[in-house]
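So the structure is just underneath, and the comments pick up after that.
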Amino acid sequence: GSVYSPAPASADSSVKAPAADHKPRPFVDIVVSILIPSLILMKISGDEQLGPTGALLLALAFPIGYGLLELVRHGRRNVMALLGIVSVLLTGGIGLLKIDAQWLAVKEAAIPLAIGIGVLVANRLGYPLIRKLLFNPGLMDVDRIHAELDARGTRRDFENRLNHANTLLAGTFLFSAIANYLLAKTIVRSESGSSAFNEELGRMTLLSYPVIAIPSMVMMLAIFWFLWRTVNRLTGLSLEEIMVGGEAPSDDDDPPARRP
């Protein structure tokens with residue numbers, strides 16, 4: 001969406017893990033970054049209220065302020081969070097500078113598309129983002145999984161499937177780019193800087209969550225399921241054994257024999 005661009009669920013995951021005592025607050029995120037700005041844009045953008053400029057500035061203040069607060073308080077200093085703030089600033093620039101509204105759709109698509117391309121390029125350079133988001137020591141017992149893979153001789157198969165999962169992750173950003181573009185082109189048709197533009201911007205922001213963010217979350221869950229099934233088939237470990245804090249390996253268990 002516009003005021004708040006909901007990238008796929010993965011986009012909200014920090015490349016650098018947040019503070020241990022920081023718990024995700026999705027309801028607060030939605031209210032502050034989507035609901036409040038949308039209502040401001042749709043309800044008080046008229047000339048008899050705050051006017052287009054005043055309403056847009058107030059609406060932008062919520063996601064920008066909240067995003068900066070998260071960065072400072074919880075150490076969520078990462079590329080995704082910064083791109084979210086940049087996206088909001090670009091949206092504000094289009095409205096405040098009265099740039100042709102067609103550029104809003106271009107901006108909405110460009111950021112997730114750039115992230116998706118970045119995911120693919122980083123993987124080619126040996127830095128797969130999937131390892132940061134899902135296959136990481138904070139979420140999965142990586143050392144135990146690697147030990148089982150080596151014992152069974154399935155490490156190479158796993159790496160190939162991990163690359164496939166990384167490609168699927170890039171695909172979620174491609175979906176977000178296409179959906180963002182179509183949503184913006186469909187809803188935002190008025191001249192930027194006008195009350196009608198603000199109202200359409202608010203409507204687009206409100207619809208962005210069910211139309212883009214929720215499907216992206218479902219895709220991310222599907223990628224996690226694919227990753228879990230891969231680990232399960234190649235190591236024989238259950239979900240409880242794979243996850244951090246799960247069942248500890250028994251000292252009496254011998255490692256499985258290497259497959260021919």
Quick one: closest heavy-atom pair of [X] and [Y], and the distance?
X: I214; Y: P210; result: CD1-CA, 3.9 Å
X: A196; Y: S190; result: CB-OG, 3.3 Å
X: F173; Y: P112; result: CB-O, 3.3 Å
X: A179; Y: I212; result: CB-CG1, 3.7 Å
X: D100; Y: S192; result: N-OG, 4.3 Å
X: N180; Y: E108; result: ND2-O, 3.1 Å

Would you call [X] and [Y] a side-chain contact if the rule is heavy atoms closer than 4.5 Å?
X: L120; Y: N123; answer: no
X: L234; Y: R152; answer: no
X: T172; Y: S176; answer: no
X: H146; Y: L149; answer: yes
X: L96; Y: L57; answer: yes
X: L183; Y: S208; answer: yes
X: R144; Y: L237; answer: yes
X: I223; Y: I130; answer: yes

May I ask whether [X] and [Y] are part of the same hydrophobic cluster, defined by side-chain heavy atoms of I, L, V, M, F, W, Y residues being less than 4.5 angstrom apart, directly or through others?
X: V188; Y: V211; value: yes
X: L174; Y: L168; value: no
X: Y181; Y: Y209; value: no
X: V106; Y: M204; value: yes
X: W228; Y: L129; value: yes

Side-chain ([X]) to main-chain ([Y]) donor-acceptor, under 3.5 angstrom:
X: E241; Y: S238; result: yes
X: T167; Y: N163; result: yes
X: S194; Y: F197; result: yes

Gap separating the [atom1] atom of [X] from the [atom2] atom of [Y], nearest 0.5 angstrom:
X: D141; Y: T235; atom1: CG; atom2: OG1; answer: 10.5 Å
X: L104; Y: Q102; atom1: CG; atom2: CD; answer: 10.5 Å
X: I145; Y: T230; atom1: CD1; atom2: OG1; answer: 11.0 Å
X: T186; Y: E200; atom1: OG1; atom2: CD; answer: 11.5 Å
X: I187; Y: L201; atom1: CD1; atom2: CG; answer: 10.0 Å

Residue set satisfying side chain to side chain contact (heavy atoms under 4.5 Å, CB included) with R229, at least two apart, ordered chain then number -> W225, N232, R233

Partners of E159 by side-chain hydrogen bond (donor to acceptor under 3.5 Å, both in side chains), sequence neighbours excluded?
R131

Using the ring pair (Phe, Tyr, Trp, His ring centres under 6.0 Å) rule, take F135 and F158 through it: C-alpha gap first, then chi angles, then the decisive distance, then the call.
CA-CA 12 Å; F135 191 66; F158 175 75; 5.0 Å; yes

Does the distance from a Lys or Arg side-chain N to an Asp or Glu carboxylate O, for E191 and K98, drop under 4.0 Å?
no

Whether over 12 other heavy atoms sit under 6.0 Å from W103 CH2
no

